[in-house]
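Written out below as structure tokens is the structure these notes cover.
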Amino acid sequence: MTTPTHSFIAGHDVASGDTYDNIDPATGQSLGPVSRGGADEVDQAVSSGELAQRDWVRTTPEQRSNLLTAWAALVDRDAEELARLESEDTGKPLTQARTDATVAARYLRFYAHAIDSYYGLTIPKGPDLHAYTLREPFGVVGSVIAWNYPMQLFSRSVAAAVATGNATVVKPADETPRTAVALARLALEAGIPAGIVNVVTGTGAEAGAALTAHPGVAHLSFVGSTEVGSLIAHAAADRVVPTVLELGGKSAQVVFADADLTAAAEAVVRGVLQNAGQTCSAGSRLIVHRAVQDELLDAVIQRFRAVTIGPGSEDPDLGPLVSAKQQQRVEGFMDDLAGGELLVGGSRPDGDHLASGAYFSPTLVHGVDPQGRLAQEEVFGPVIASMAFDAEDEAVALANGTDYGLLAAVWTSDLSRGHRLASALRAGQVFVNNYGAGGGVELPFGGWGKSGYGREKGYEALDAFTQTKTVVVKL
Ligand code: NAD
């Protein structure tokens, strides 16, 4: 019998009356039962957070910094085990899961350092008044996160929230509960008081909805789909609670004729194969100048054909998608190629050893109608929708032509054009001659349009998890 995964509340495992199975996407078999938390567990977690936060808010930034640094060291110590759990739960190749463990520790360290130099302002009001601002925590904050980068998503919101003096309650995705619980345990081992980092496992409709609606939760951060993000925002608005919404994307890689095509092809492939394309910032649209389309597409096709596919534990280039449901969803996009031509992939890969897993081949469809579903909707699989352009204005219009706005990249050797497009492209992050899926611990990250609002990562997350208090003293 595999070890069950329970919620972690006030420093203890908390079992629920009911469980569900954590399914291994590489085999379709259960990795073990998971406690199906709901309103009761959320209530316990919020109460424990309220209690613990009263003392936590009185600690110095230096004390919190030291504890976060100790936590990061424990994540490094257990990185291999965390990576194994992450790879099994998500299906992602071990190398990518190892990177995720490293980045999770980086977030803890980054906010450990940042909190020491996070200041309010003094505001000149003349000799008789002393006016200044304080950045104060909300109290108990809730995070509902997706399954694609469980450790990174956990760590990026919890590190900033805890560094600024909040207590947290995290609802990990149903599919990937184990590393969230493991990270919360390590927080306790590092000396962070019980109740500051709580995890409630369970489904979105039960644990997630209960957390979103709980009157004790003073701030919500959400990473997931635009549809659920909108539900969260409505629930938060009912209680007048601020939210950070990190939602989906349909990010464009715009390649001009003067670009370094080898580097562009490399990045285009990596930008959609990482985590099997299940990355909010996947470069899932390719917008290529007509003069170089054949050369670039050939380079992408060659690389796609050479990709190794298999279970994450065997560390291939491409693992399975997170679930059979996700595989069917990706497959469904192949029914309508939006007028495009399928150049490679388009189906499940061959091979008996892959038959029971949720695999999908790297896929490139060129010449798609920019208004078609394949060009407009997030596939969340290893699928590129590609289209050609002739003029710069046309490239910008195509790149900006979806409701999303998470990332964009420009490939050109003309530096002026790079900057011009960085300004013209409607996205939360723009890369010139590189493409950073996710984009780094220290770089503010978030969406325009239906990709969400608010920012995590970098110093901006410290603002997101605090509220300003202005103090004016008559001297
Ligand atoms: P999802 O919206 O289905 O689920 C996300 C989380 O919300 C899960 O924990 C889920 O259990 C919970 N949830 C579901 N219904 C809920 C409800 N009614 N109330 C409260 N919580 C609920 O998304 P997903 O399929 O897990 O993740 C994929 C999506 O996440 C993609 O659209 C992807 O682009 C997006 N994403 C965005 C970012 C970013 O930073 N912008 C990062 C990763 C993933």
Side-chain angles (χ1 to χ4, degrees), residues 20 22 34 36-39 42 89-90 92 100 103 107 142-157 169-177 180 199-214 217 220-236 238 243-251 272 274-284 321-323 325-326 329-330 377-381 402-407 427-429 436-441 443-457 461 464:
Y20 67 90
N22 178 11
V34 182
R36 193 162 161 171
V42 166
D89 280 5
T90 59
K92 71 174 67 185
D100 290 353
V103 177
Y107 279 115
S143 294
V144 177
I145 54 180
W147 41 259
N148 54 351
Y149 290 86
M151 278 193 279
Q152 289 203 36
L153 300 179
F154 175 101
S155 196
R156 85 182 190 205
S157 67
V169 181
V170 179
K171 208 301 278 178
D174 328 5
E175 297 86 347
T176 56
V199 174
V200 177
T201 58
T203 67
E206 295 167 0
L211 181 60
T212 310
H214 197 288
V217 175
L220 282 162
S221 58
F222 172 75
V223 183
S225 60
T226 301
E227 296 69 31
V228 177
S230 171
L231 289 176
I232 303 260
H234 276 98
D238 283 343
T243 51
V244 174
L245 298 183
E246 306 269 18
L247 310 176
K250 192 75 187 173
S251 300
V272 81
Q274 186 177 322
N275 207 29
Q278 303 164 117
T279 304
C280 51
S281 49
S284 53
L321 297 160
V322 75
S323 62
K325 186 173 139 215
Q326 185 65 16
R329 187 172 172 277
V330 172
E377 290 185 23
E378 186 178 44
V379 175
F380 234 49
T402 75
D403 291 339
Y404 291 114
L406 200 53
L407 259 68
Q429 288 188 335
V441 168
L443 304 174
F445 179 72
W448 288 34
K450 293 217 167 132
S451 291
Y453 49 75
R455 294 291 178 268
E456 286 191 344
K457 305 191 181 187

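This one's a predicted model, so the numbers in the text were calculated from it and none came from an experiment. We count ligands from 1, going down the list as the structure has it; atoms in each ligand are counted the same way.
If you check which protein heavy atom lies closest to atom 2 (O) of ligand 1, you get S225 OG, 2.6 Å. Nearest protein heavy-atom neighbour of atom 41 (N) of ligand 1: L247 O, 2.7 Å. Counting only heavy atoms of the protein, atom 24 (P) of ligand 1 lies nearest to W147 NE1, 3.3 Å. Considering only non-hydrogen protein atoms, atom 12 (C) of ligand 1 sits nearest to V144 CG1, 3.5 Å. For atom 27 (O) of ligand 1, the nearest non-hydrogen atom of the protein is A146 CB, 3.5 Å. Looking at atom 44 (C) of ligand 1, its nearest protein heavy atom turns out to be N148 ND2, 3.1 Å. The closest protein non-hydrogen atom to atom 14 (C) of ligand 1 is G204 CA, 3.6 Å. Protein heavy atom closest to atom 28 (C) of ligand 1, with residue, atom name and distance, is F380 CE2, 3.5 Å.
Both the backbone and the side chain of V223 come within contact range of ligand 1, each with a heavy atom under 4.0 Å. Under 4.0 Å from ligand 1, not a single heavy atom of S281 appears. Residue-level proximity to ligand 1 for L406 is carried by the side chain, the only part with a heavy atom below 4.0 angstrom. Looking at Y149 against ligand 1, nothing comes within 4.0 Å, counting heavy atoms. Counting heavy atoms under 4.0 Å from ligand 1, residue E378 touches it through the side chain alone.
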- request: For Y149 and T279, run side-chain contact (heavy atoms from CB on, under 4.5 Å): C-alpha distance rounded to whole Å, both residues' side-chain angles, the deciding distance at 0.1 Å, then the answer.
  value: CA-CA 8 Å; Y149 290 86; T279 304; 2.7 Å; yes
task: Run the numbers on K325 and E175 for salt bridge (charged side-chain N to carboxylate O under 4.0 Å, His left out), then give the verdict.
output: CA-CA 11 Å; K325 186 173 139 215; E175 297 86 347; 5.4 Å; no
task: Run the numbers on T243 and F222 for side-chain contact (heavy atoms from CB on, under 4.5 Å), then give the verdict.
output: CA-CA 8 Å; T243 51; F222 172 75; over 6 Å; no
- request: Run the numbers on F445 and R156 for side-chain contact (heavy atoms from CB on, under 4.5 Å), then give the verdict.
  value: CA-CA 11 Å; F445 179 72; R156 85 182 190 205; 4.0 Å; yes
task: Show the numbers, then the answer: is there a side-chain contact (heavy atoms from CB on, under 4.5 Å) between L247 and Y404?
output: CA-CA 9 Å; L247 310 176; Y404 291 114; 5.8 Å; no
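Within the 4.0 Å heavy-atom shell around ligand 1 one does not find G452. At least one heavy atom of P172 sits closer than 4.0 Å to an atom of ligand 1. Within the structure, ligand 1 has R156 among the residues with a heavy atom less than 4.0 angstrom away.
When each atom of ligand 1 is checked for a heavy atom of T212 under 4.0 Å away, the hits are 20 (C). Set against the non-hydrogen atoms of F445, the atoms of ligand 1 under 4.0 Å away are 39 (C), 40 (O). Taking a cut-off of under 4.0 Å to the non-hydrogen atoms of L231, the atoms of ligand 1 that pass are 18 (N). For ligand 1, the atoms sitting less than 4.0 Å from at least one non-hydrogen atom of D174 are 10 (C), 11 (O), numbered in the order shown with element in parentheses. Within ligand 1, the atoms closer than 4.0 Å to a non-hydrogen atom of G208 are 19 (N), 20 (C), 21 (N), numbered from 1 in the order shown.
Counting protein heavy atoms under 4.0 angstrom from atom 4 (O) of ligand 1 gives zero.
Panel note: side chain Q326, backbone S323; no donor-acceptor pair is recorded below 3.5 Å. Under the 3.5 Å distance criterion, the side-chain polar atoms of K250 are left unmatched by any main-chain donor or acceptor of D403. R455 places a side-chain N or O within donor-acceptor distance of the main-chain N or O of G447, the cut-off being under 3.5 Å. Panel note: side chain S230, backbone T226; no donor-acceptor pair is recorded below 3.5 Å.
With N148 as reference, L153 is the one residue of T90, D100, L153 to meet the side chain to side chain contact (heavy atoms under 4.5 Å, CB included) rule. When the options V170, T176, V223 are evaluated for a side chain to side chain contact (heavy atoms under 4.5 Å, CB included) with F154, the one that passes is V170.
Using a cutoff of 4.0 Å between basic side-chain nitrogens and carboxylate oxygens, K450 and E378 are not scored as salt-bridged.
Here the CG atom belonging to L211 is positioned 9.5 Å from the NZ atom belonging to K171, to the nearest 0.5 angstrom.
The N/O atoms of K171, backbone and side chain alike, include one that comes under 3.5 Å of an N/O atom in ligand 1. Taking distance alone, with nitrogen or oxygen atoms compared against 3.5 Å, I232 stays at or beyond that limit from ligand 1. Not a single N or O atom of C280, backbone or side chain, sits closer than 3.5 Å to an N or O atom of ligand 1.
Counting heavy atoms only, I145 comes closest to atom 6 (C) of ligand 1 of the residues I145, T226, V228.
In this model, no donor atom of one side chain and acceptor atom of the other lie less than 3.5 Å apart for S281 and S251. Between E456 and Y107, the side chains place no donor N or O within less than 3.5 Å of an acceptor N or O (distance only, hydrogens not considered).
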